[in-house]
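Notes for the one structure printed next.
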Amino acid sequence: MRRPLALRLNAALATLAVAAATGVVMSMPEASAAVAGNATGYATQNGGTTGGAGGETVRATTGTAIHAALCGRASSSTPITIEVEGTINHGNTTKVSGDSCNTAAGVIELKQISNVTIVGVGSGAVFDQLGIHIRQSSNIIIQNVTVKNVKKSGSPTSNGGDAIGMESDVRNVWVDHTTLEASGGESEGYDGLFDMKDNTQYVTLSYSTLRNSGRGGLVGSSETELSNGYITYHHNLYENIDSRAPLLRGGIAHIYNNYYVKLNESGINSRAGARAKVDNNYFKDSKDVLGTFYTDAAGYWQVSGNTFDNVTWSAPGSENNPAGPDPKSNTTVSIPYAYTLDNASCVPAIVGATAGAGKGLKVSDGSCSPTTPSPTPTPDPTDPTPDPTDPTPDPTQPSGTNLSLGAGADGSSKASGSSYGNVRDGDMSTFWSPAGSTGSVSVKWGTATSIAKINVREASGSTGSIGSWRVINGDTGAVLTSGSGAGVITVPKTSLKKITFEITGSTGTPKVAEFETYAG
């Protein structure tokens, strides 16, 4: 239920008072020229990543002003774009309280919120010794900012020493055209530049520069913390990094068109069952750029089109399994989204022209030439104070009739308390779950039915659990398509009596609430 008008007005007045005291400038919703382009990679999956599109635009020149903008929203999910200019540091970043935020001093805290864009504008945005922490949040965009010299020890400290850190049930984050840098390694007080742990999924890091750090970034905090994945890294510059470029523990990563210069100890470290698709990257003046390092918990990789320029490789050992000197694939990874590869030979030039903050948000046109994407329009919202409990329509929901309603269903062994029929009853509170981490469920009809799209909807509390999958023609056994992550899936238009969704990999316990089918 919406808050009474008087309460909403009082909240708005209070926010304006904080804004006046902290230097935040409020503006009406408008098409913003600051945010250019659309999310790419795995951030496009699981419903997509749009950040604050559709909400108001606010200008902030202090960390306190950023917090005030978050706290001044009608709810924790009200869309907002925060344009940042100037230097954000400990001296101007204090805690702000409110019903729509959970902030803290000494760190930009994006906690228990959604639908937010933070973008650097004007003369630039620099987060100096101050990290950005994303926790229990979703649909976040961070674009065109510099984050530097964030420490976990010494003084001042922020965000556990991570430039950008994500943890605890984070979904759909796009970090684009950022510069993340340190001035040394752990002994100098620094940790990772771009870290993800504790069930963080559907993240893309694109057109960014990571430099001068002992640790580039990790996915998963230990060999048993394997709930993270579906991460894309593309068109980034990794320069003068000792290790973790990135470190992967479990999950799937797509790593393409990155330029690696001076990886001093190791680079892409795939461990503990992780699978990395490594395409058309350029590695230069580096050591052990791909493999499983510092553990006997093996990881895997699929490689193609990479260039290795003055790369050295160590000898294999019990806790050292370099992929080179002649890297070969030892797994296959299916990518569910469209992308265009630049040739590895031009990666140094195109990444040099596009990666990092202050590059005009330029991207590759897919043919090794930089171009500036059109700004993403931000439509005016129809309700300036939307009800946080109102359902948000799925922008990718197929049109037409859900043909699963009233059909039959079967599948492989099911977990206790679940039923095959629950996936075609139109009720999101019921579900089918396999007895283990893999299994299949089918929808079937008495006569041949034409299918072109399906929508796999996960039950509440299990979103992101489904990993790799196949869609199978139940009549013939032919695989119609494959990929990873739940959501809308397009298949070749096929007339059949039975269609099967087979989960071949998962994190946690997968639960399919609805297996919807559509003619088009």
Side-chain angles (χ1 to χ4, degrees), residues 45-47 169 171 199 201-202 226-227 229-230 250-252 334 336 391 393-394 396-398 400-491 494 496-519:
Q45 304 299 288
N46 193 43
D169 304 321
R171 292 291 184 276
N199 198 22
Q201 299 181 357
Y202 301 105
L226 306 178
S227 58
Y230 312 118
I252 293 174
S334 177
D394 181 356
T396 61
Q397 177 71 28
T401 301
N402 175 14
L403 303 173
S404 297
L405 296 176
D410 61 24
S412 61
S413 59
K414 55 185 180 291
S416 176
S418 70
S419 168
Y420 304 129
N422 288 339
V423 303
R424 42 81 175 165
D425 61 1
D427 184 355
M428 285 293 294
S429 67
T430 63
F431 60 87
W432 164 82
S433 185
S437 60
T438 62
S440 62
V441 65
S442 305
V443 172
K444 55 186 181 180
W445 300 268
T447 58
T449 301
S450 183
I451 300 298
K453 286 188 177 180
I454 68 175
N455 188 13
V456 176
R457 306 176 68 185
E458 293 178 281
S460 177
S462 67
T463 303
S465 296
I466 293 175
S468 56
W469 47 257
R470 303 191 304 170
V471 178
I472 299 170
N473 182 332
D475 298 349
T476 66
V479 176
L480 300 176
T481 189
S482 61
S484 60
V488 177
I489 301 166
T490 300
V491 300
T494 306
L496 41 70
K497 291 185 178 181
K498 180 178 179 179
I499 189 168
T500 298
F501 181 73
E502 180 184 9
I503 300 171
T504 58
S506 62
T507 57
T509 304
K511 297 178 181 179
V512 177
E514 291 298 302
F515 177 7
E516 301 173 352
T517 54
Y518 296 88

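Below, each value reflects all heavy atoms present in this structure, side chains not excepted, and no hydrogens, waters or symmetry copies. FYI, the numbering just counts along the sequence from 1.
- Contact between Ala486 and Val456 at its shortest, heavy atoms only, is CB-O, 3.5 Å.
- Partners of Thr500 according to the side-chain hydrogen bond (donor to acceptor under 3.5 Å, both in side chains) rule, which considers only residues two or more places apart in sequence or in another chain, are Ser442.
- Here Ile499 contributes atom CD1 and Leu480 contributes atom CG; the two are 5.5 Å apart, rounded to the nearest 0.5 Å.
- Residues Thr494 and Ile451 form no side-chain contact, since every pair of their non-hydrogen atoms from C-beta on lies 4.5 Å or further apart.
- From Leu405, atom CG reaches atom CD of Glu516 across 7.5 Å, with rounding to the nearest 0.5 Å.
- Ser334 approaches Ser484 most closely through the heavy-atom pair O-OG, 4.4 Å.
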(request) Could you please spell out the steps behind the side chain to side chain contact (heavy atoms under 4.5 Å, CB included) verdict for Ile454 and Tyr518? (result) CA-CA 6 Å; Ile454 68 175; Tyr518 296 88; over 6 Å; no
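- In this structure Asn422 satisfies the side-chain contact (heavy atoms from CB on, under 4.5 Å) test together with Ser419, Asp425, Thr430, sequence neighbours excluded.
- Applying the salt bridge (Lys or Arg N to Asp or Glu O under 4.0 Å) rule to Lys444 yields the partners Asp410; only residues at least two apart in sequence or on another chain are considered.
- In this structure, Thr490 contributes its side chain and Lys453 its backbone to no donor-acceptor pair below 3.5 Å.
- Heavy-atom minimum distance, Ala407 versus Val443: CB-CG1, 3.8 Å.
- Take Asp475 and apply the side-chain hydrogen bond (donor to acceptor under 3.5 Å, both in side chains) test, not counting sequence neighbours, and it matches no residue.
- Judged as a side-chain hydrogen bond (donor to acceptor under 3.5 Å, both in side chains), and not counting sequence neighbours, Ser506 has no contacts.
- Shown here for Pro434 and Pro510, the closest heavy-atom pair between the two residues is CD-O, 3.5 Å.
- Formation of a donor-acceptor pair under 3.5 Å by the Arg424 side chain with backbone atoms of Leu403 is not found in this model.
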(message) One pair to check against side chain to side chain contact (heavy atoms under 4.5 Å, CB included): Phe501 and Ile489. What are the steps and the verdict?
(response) CA-CA 11 Å; Phe501 181 73; Ile489 301 166; 4.0 Å; yes
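- Remark: Tyr230 OH to Ile466 CD1 distance equals 8.5 Å, nearest 0.5 Å.
- Note that CH2 of Trp445 is 4.0 Å distant from OG1 of Thr517, once rounded to the nearest 0.5 Å.
- Here the shortest heavy-atom pairing between Ser440 and Trp432 reads O-CZ2, 3.4 Å.
- Sorted by first and then second residue, the pairs that involve residues 458-470 and meet side chain to side chain donor-acceptor pair (under 3.5 Å), not counting sequence neighbours, are Ser468-Thr504, Arg470-Glu502.
- Between the CG atom in Asp169 and the CG atom in Asn199 there is a gap of 4.5 Å [rounded to 0.5 Å].
- The two residues Gly464 and Tyr202 come nearest to each other via the heavy atoms CA-CE1, 4.3 Å.
- When atom types are taken as modelled, the side chain of Thr449 and the backbone of Thr447 share a donor-acceptor pair closer than 3.5 angstrom.
- Within the 3.5 Å criterion, the main-chain N or O of Ser412 finds a donor-acceptor partner in the side chain of Tyr420.
- At least one donor-acceptor pair closer than 3.5 Å links the side chain of Glu514 to the backbone N or O of Gly426.
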